[in-house]
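Below is one structure, written out as structure tokens; comments come after it.
Model, not experiment: these values are computed from the prediction. A note on names: the letters A, B, ... follow the listed sequences, proteins ahead of strands, and every chain is numbered from 1.
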Amino acid sequence: MPHELPKAYDPGAIEARWAEYWVAEKLFAAPTPAAGSPRPVYTLQLPPPNVTGRLHMGHMLNHTQMDILVRWHRMRGFLALWLPGTDHAGIATQMMVERQLAEEKQDRRALGREKFVERVWEWKRHYGGAILEQMKRLGDSVDWARTYFTMDDNLSRAVREVFVRLYEEGLIYRGKYIVNWCPRCMTAISDLEVVHEETQGKLYQIKYPVSGSGEFITVATTRPETMLGDTAVAVHPADPRYRHLHGKKVLLPLMEREIPIILDELANPEFGTGAVKVTPAHDANDFQAGLRHNLPQIDIMDDTAHLNQNAGRYAGLSRHAARERVLADLEAQGLLAGTKDYTVPLGKCDRCKTVVEPRLSTQWFVAVTKKTKDGRPSLAARAIEVVERGEVTIFPENYKTIYLNWMANIRDWCVSRQLWWGHRIPAWHCACGKIIVAREEPPKCPQCGGALTQDPDVLDTWFSSGLLPFTTLGWPEKTRDLEVFYPGSLLLTAYEILFFWVARMIMFGCHFMDGHRQDAAIKQASGWGERKDDTVPFRQVYIHALVRDAERQKMSKTKGNVLDPIHVIEKYGTDATRFTLAAMAAPGTDIAFNESRTEGYRAFANKIWNAARFLFMNVDRAEQSGVWSLKEFQDRAGAELRSAQAGSEIRPHTGIAGFEARTLEDRWILSRFHAVAREVHEALESFRFHEAANTVYSFFWGEFCDWYLEMVKLRLAPEGGAGREAARAAFGNLLGVFEAALRLLSPFMPFLTEEIWHALYDGKPPLKSIALAAYPEGDATAIDPAAETEMAVLQDLIVSVRNLRAELKVEPKARLPIRVHADAGVRTLLEQNREAIEKLAGVEGVSFVEESLAKAAHARSSARFDVAVVYEKKIDKAAERERLEKELGKLEGELANAQRQLGNQQFLAKAPAKVVEGIRKRAAELEVLIEKARTALRGLGAD
RNA sequence: GGGCGCUUAACUCAGCGGUAGAGUGCCAUCCUCACACGGUGGAAGUCGUAGGUUCGAAUCCUACAGCGCCCACCA
């Protein structure tokens, strides 16, 4: 027989093979269904990783969760599409290639735009696939045939289409505004790309002489060098200190330029001296104030944050050098009134951590709060509305509030970037000043006939990623894919990109998919019948937690605490790593990744592996002795799986093929299996991955392996004809439950389950993969409370005996007789399971007695029975007394509490009947237990 | 300056109105013919502090302390 499995599970030996198999066999392809297909659909967009990226733990968590959900839905019969791709990641990729050029002592400017872009493409072709290969290693069940790159031709066309349409609708404009300028990246960046860091700086007080009087007005600033571009000093209109200066002018020191004192609420009388310098070209607030007062805007810096000729004799200095010089000069002139330490929130570039310069420049913006020309609601308004109405649900729910708050205060989106790598803005400039925005390059200027040059800027990367939910499905064409797969079912991502990406997808989706309606059959099948709005990009948003290191620190390259998932995988296996992440992924809490957990789940994988080994060994034995053949199981289970999978509708596969409950453990494991399957279903439905994982874990290990397997062993080696029949049933049940449990576990541990599942079918399974087999749904009517109660009594008895043995330090191999006192019902139960008791508790001979054994030596009591082991060795009386007293104390405490509650009228009146009943029952039980414990204590004393 | 989250066994975390659970670690014991990545048994928590609501609170409310995150144009 080919069932020779190595003793210890070695994930490395099988995982790569299956990863390849899944891709090669195209198992997870979601082909466009033919018209009229009523199959329910589950669509999930992969947040496209940067082409420059390497997989990190955050990805792995994210991918694990998505893969679990996708595999789960696929197994349940959904047409599951998980759509992969990579993002061109403007700045990141450009920086990567620039660095490469620098090593060759080259420079992008010297190379020229065209050559540089070609060079980036080359880089992308070479290295851009790395992260996709890593995804294969994780077992991500994406549809590889649909893999896109955000700069593919069709996606680029869609980007131009969107830009032009927005422009035509009046939602894109070009304007001169203060933007965040990164002097290192030499581009404008959006507000979201700026990280604020509290930095130790200084607050300087500078005296500006008031013209025509010997007076000074003192202003406070953290950035003295910007004074060179000051065009006013503002005071609060109601500030009495400066009333006499209204309408006066000051002479700007160093520049010797006369500037007005203006009245504006920009100045806060509470802060500093109450007077503030106004630099419209280098501060967002000042810019607004400047507009209010028609002030000139003097830009004193160039692209590299060096001062320009507007700064007079300071021209050419870096902004840092300029600060020193300005301060020195002011000091020399006696105009520096004071300096004090001050923490300033410094804005830094998210990419390169360079201090951002607020700078006046001309950029393209998307007007997000403006209605379209033809009166349609603004992008933001729609994006707020669909979330408020629950057309898009956000989970955990506190993120919904955060989202709505942010959307309510959203500002126009600066979408132009001064980069070379990205989607170039489809706008053309003419020397005559005309700007044309068009889908294709116009031949000449329609106004003057002159030559045109394309706008040099490219679009913010998030502009194109915001469109992915529909552009990846063929938009702007009206494709069948769009009809079937849009709206997506879920968007699962990290909090960090809720605004970067999620908000933009909602805005664009609602705007551009207006008029998108699924045909009725598809809509019906989608399972989202209660949701009316089909323009939204997805129905649900699930925000997953952050993965931190074991010390709860955010992982970052600079801290050097980044855990490479590939290393973890190599050490413990992909399944164990996935399981760790799933088991720790409680919604809303960050994960401190801890390898000891992974170690534990590697052991779990090994446990299952060995359970399989056990089965195969016994099956082989049974086949040799002709008792049973695996073929029986294969035919039966295979037929059921094929039929469950064949249909186009969801057909819950609830049963275990041919299960024949003969014994208590059979009834019990069947009941548990269904209960567990239902729990898993409920947990996954509400994104409680940790609960789902833990449920499967404890079922497999704590119930199937620890109890069912051990009990069923008794029946596998038959004696006599009746034994043969029992063995046949036992094999059928054992294999049946095991196979079904593998399917239950499969989304969490796809590799291990695939390997064993194929082995169960001797490499010729009924379907190409366990991932295509039906998921156990769990049948509530199959839950058998009586079996579970009976099993609990049996387990209780066995554990009591084991406990006694341990305490008496009985030789592990010695088998002892036991005596049991119990009522008739329990007695029958125990008699029927005598063999199990003998085997699992190391017992030989069970005798039942009429009298209570509470005060017998070596006895244990429960509410349902007393049990004593027959063993001549004297017990350690002191230890026994201590144990009993401790237990008694606990019981009495609990009883006192219960009685207090039962004596409380308020409690009886207000508590739910179920709770009262529960406590009554418990109190009665406690009384019995206490009585038994007291008896036992007295017995100890008398002896 | 706003907003949010966390504080439960030695460690990492679940639980979120009916007197506490898991994994790892620890102790004891056993290489019993699936598994020492194992079996069996065990020890271990006044659920951050102080109040309050409730018949009842780890669970709800308030304050405080510590830790962390996000957002923010007060020089």
Side-chain angles (χ1 to χ4, degrees), chain A residues 5 7-9 178 191-192 196 203-204 219-223 226 234 266-268 270-279 283-288 342 344-345 347 358 398-399 401-402 405-406 409 495-496 498-499 546 548 550 552-554 572 576 580 583-584 586 588-618 688 690-691 694 697-698 705-706 709-710 713 799 802-807 809 811-813 840-842 893-894 897-898 900-901 904-912 914-916 918-919:
Chain A
L5 302 180
K7 198 167 166 182
Y9 173 52
I178 290 277
D191 293 341
L192 285 175
H196 294 271
L203 185 66
Y204 304 94
V219 299
T221 181
T222 54
R223 301 201 53 204
T226 63
L266 172 71
N268 175 1
E270 310 286 307
F271 188 91
T273 58
V276 60
K277 62 195 261 328
V278 184
T279 322
D283 182 279
N285 279 320
D286 294 7
F287 173 74
Q288 294 298 337
Y342 193 70
V344 277
N398 57 314
Y399 290 111
T401 322
I402 296 175
N405 275 336
W406 190 77
N409 298 308
Y495 169 68
E496 304 171 300
L498 183 60
F499 307 127
L546 231 58
R548 300 168 177 283
R552 305 207 112 267
Q553 297 288 310
K554 200 166 167 174
Y572 302 101
T580 309
M584 297 186 78
T589 17
D590 285 349
I591 294 173
F593 192 88
N594 196 321
E595 280 192 37
S596 72
R597 288 287 289 263
T598 316
E599 231 169 279
Y601 293 123
R602 177 182 61 183
F604 177 53
N606 189 55
K607 186 79 180 175
I608 293 164
W609 180 259
N610 276 290
R613 277 185 69 222
F614 169 82
L615 295 191
F616 288 137
M617 286 169 72
N618 281 280
R688 299 194 314 273
H690 68 297
E691 229 175 87
N694 286 331
Y697 177 94
S698 52
C705 288
D706 287 352
L709 220 55
E710 292 303 325
K713 274 178 186 175
V799 170
R802 285 170 174 172
N803 183 294
L804 280 165
R805 293 175 57 108
E807 233 146 75
K809 299 207 190 324
E811 265 293 292
K813 283 180 188 118
L840 297 185
E894 202 184 330
N897 218 306
R900 206 181 52 234
Q901 286 192 73
N904 185 331
Q905 285 310 314
Q906 300 268 40
F907 170 73
L908 295 177
K910 290 185 182 171
K914 228 171 77 185
V915 173
V916 176
I919 290 183

- Task: Could you measure between the two C1' atoms, the one in B/U12 and the one in B/A65, and give it in whole Å?
- Result: 24 Å

- Message: Rounding to an integer number of angstrom, what distance separates B/G41 and B/U24 when you compare their P atoms?
- Response: 15 Å

- Does a side-chain heavy-atom distance below 4.5 Å link A/Leu266 with A/Asp286? yes

- Query: Is the shortest heavy-atom distance from the side chain of A/Leu840 to the side chain of A/Arg802 under 4.5 Å?
  - Reply: yes

- Message: Any non-hydrogen side-chain atom of A/Phe614 less than 4.5 Å from a side-chain atom of A/Asn618?
- Response: yes

- Item | Length of the CH2-P vector between A/Trp609 and B/G38, whole Å | 16 Å

- Query: Looking for any heavy atom pair under 4.0 Å, which part of the strands does A/Asn803 touch: base, sugar-phosphate only, or nothing?
  - Reply: sugar-phosphate

- Please give, in whole Å, the distance from B/C71 P to A/Phe499 CZ? 8 Å

- With pairs taken as Watson-Crick or G-U wobble and both distances under 3.5 angstrom, which stems of at least three consecutive pairs involve RNA chain B? B:1-7 with B:65-71, B:10-13 with B:21-24, B:26-30 with B:38-42, B:48-52 with B:60-64

- Note on the structure: In whole angstroms, the gap separating C1' of B/G56 from CD1 of A/Ile919 amounts to 8 Å

- Note on the structure: The side-chain contact (heavy atoms from CB on, under 4.5 Å) partners of A/Lys7 (sequence neighbours excluded) come to A/Arg613

- So what does A/Pro912 touch, heavy atoms closer than 4.0 Å: a base, only the sugar-phosphate, or nothing? base

- Message: Say we look at B/U19 and B/U46: how far apart would their C1' atoms be, to the nearest angstrom?
- Response: 12 Å

- Task: Using ring pair (Phe, Tyr, Trp, His ring centres under 6.0 Å) as the criterion, list what pairs up with A/Tyr9, not counting sequence neighbours.
- Result: A/Trp609

- Can you list the residues that meet the side-chain contact (heavy atoms from CB on, under 4.5 Å) rule with A/Val915, with sequence neighbours excluded? A/Phe907, A/Pro912, A/Ile919

- Checking B/U12, B/G41, B/A75 against the side chain of A/Met584 (C-beta onward), the nearest is B/U12

- Query: Among B/C73, B/U24, B/A75, which is the nearest nucleotide to the side chain of A/Ser596?
  - Reply: B/U24

- Using a cut-off of 4.0 Å on non-hydrogen atoms, how would the nucleic acid contact of A/Gly347 be classed: base, sugar-phosphate, or nothing? nothing

- Item | Test salt bridge (charged side-chain N to carboxylate O under 4.0 Å, His left out) applied to A/Glu599 - qualifying residues, sequence neighbours left out | none

- With a non-hydrogen cut-off below 4.0 angstrom, is A/Phe604 in contact with a base, only sugar-phosphate, or nothing? nothing

- Rounded to the nearest 0.5 Å, the CZ atom of A/Arg688 sits from the CG atom of A/Asn694 at a distance of 11.5 Å

- Note on the structure: Sorted by position of nearest nucleotide on RNA chain B, 5' first, the leading residue of A/Ala220 and A/Ala911 is A/Ala911

- Task: May I ask you to say what A/Ala267 touches in the nucleic acid, namely base, sugar-phosphate or nothing, with a heavy-atom cut-off under 4.0 Å?
- Result: base

- Message: Rounding to an integer number of angstrom, what distance separates B/C67 and B/U8 when you compare their C1' atoms?
- Response: 16 Å

- Message: Categorize A/Ile178 for me: base, sugar-phosphate, or nothing, with a 4.0 angstrom heavy-atom threshold over every strand shown.
- Response: nothing

- Query: Rounded to the nearest Å, what distance is computed from the CG atom of residue A/Asn268 to the P atom of nucleotide B/G1?
  - Reply: 14 Å

- Atom C1', compared across B/G68 and B/G48: separation rounded to whole Å: 15 Å

- Separation of B/C74 atom P from A/Arg223 atom CZ, nearest Å, is 14 Å

- Item | side-chain contact (heavy atoms from CB on, under 4.5 Å) partners for A/Val219, two or more places apart | A/Ile206, A/Tyr208, A/Val233, A/Ala275, A/Lys277

- Can you name the ring pair (Phe, Tyr, Trp, His ring centres under 6.0 Å) partners of A/Phe499, sequence neighbours left out? A/Trp406

- Message: Treating primed atoms plus P, OP1 and OP2 as sugar-phosphate and everything else as base, which nucleotides of nucleotides 27-35 of chain B get B, S or - for protein heavy atoms under 4.0 Å?
- Response: ---SS--BB

- Query: Contact class for A/Glu894 (heavy atom, under 4.0 Å): base, sugar-phosphate, or nothing?
  - Reply: base

- Who pairs with A/Leu804 by side-chain contact (heavy atoms from CB on, under 4.5 Å), at least two apart in sequence or on another chain? A/Arg860, A/Val869

- Item | Value in whole Å for how far the P atom of B/A36 lies from CZ of A/Arg602 | 13 Å

- Item | Check: B/G18 base within 3.5 Å donor-acceptor of A/Gln901 side chain | yes

- How close or far is atom C1' of B/U40 from atom CD of A/Glu811, stated in whole angstroms? 14 Å

- Item | Nucleotide nearest A/Thr222 when distance is taken to its side chain, options B/C74, B/A22, B/A75 | B/A75

- Message: For a quick check of understanding: with a heavy-atom distance under 4.0 Å over all strands, which category does A/Arg802 fall into, base, sugar-phosphate or nothing?
- Response: sugar-phosphate

- Message: For A/Glu599 and A/Ala275, find the nucleotide of RNA chain B closest to each by heavy atoms; which residue's nucleotide sits nearer the 5' end?
- Response: A/Glu599

- What nucleic acid atoms does A/Asn897 come within less than 4.0 Å of, heavy atoms only: base, sugar-phosphate, or nothing? base

- Message: Does A/Val219 reach a base, just sugar-phosphate, or nothing at all? Heavy atoms under 4.0 Å.
- Response: nothing

- Rounded C1' spacing from B/A36 to B/U40 in Å: 13 Å

- Separation of the P atoms in B/A9 and B/G15, to the nearest angstrom: 15 Å

- Query: Which part of the nucleic acid, if any, lies within reach of A/Ala806 when heavy atoms closer than 4.0 Å are counted: base, sugar-phosphate only, or nothing?
  - Reply: sugar-phosphate

- Message: Just the rounded figure in Å: distance from C1' of B/A75 to CG of A/Asp283.
- Response: 7 Å

- Minimum heavy-atom distance A/Arg223-A/Thr226, with the two atoms named: O-OG1, 2.8 Å

- Message: Would you measure the distance from the C1' atom in B/C16 across to the matching atom in B/G56 and give it in whole Å?
- Response: 15 Å

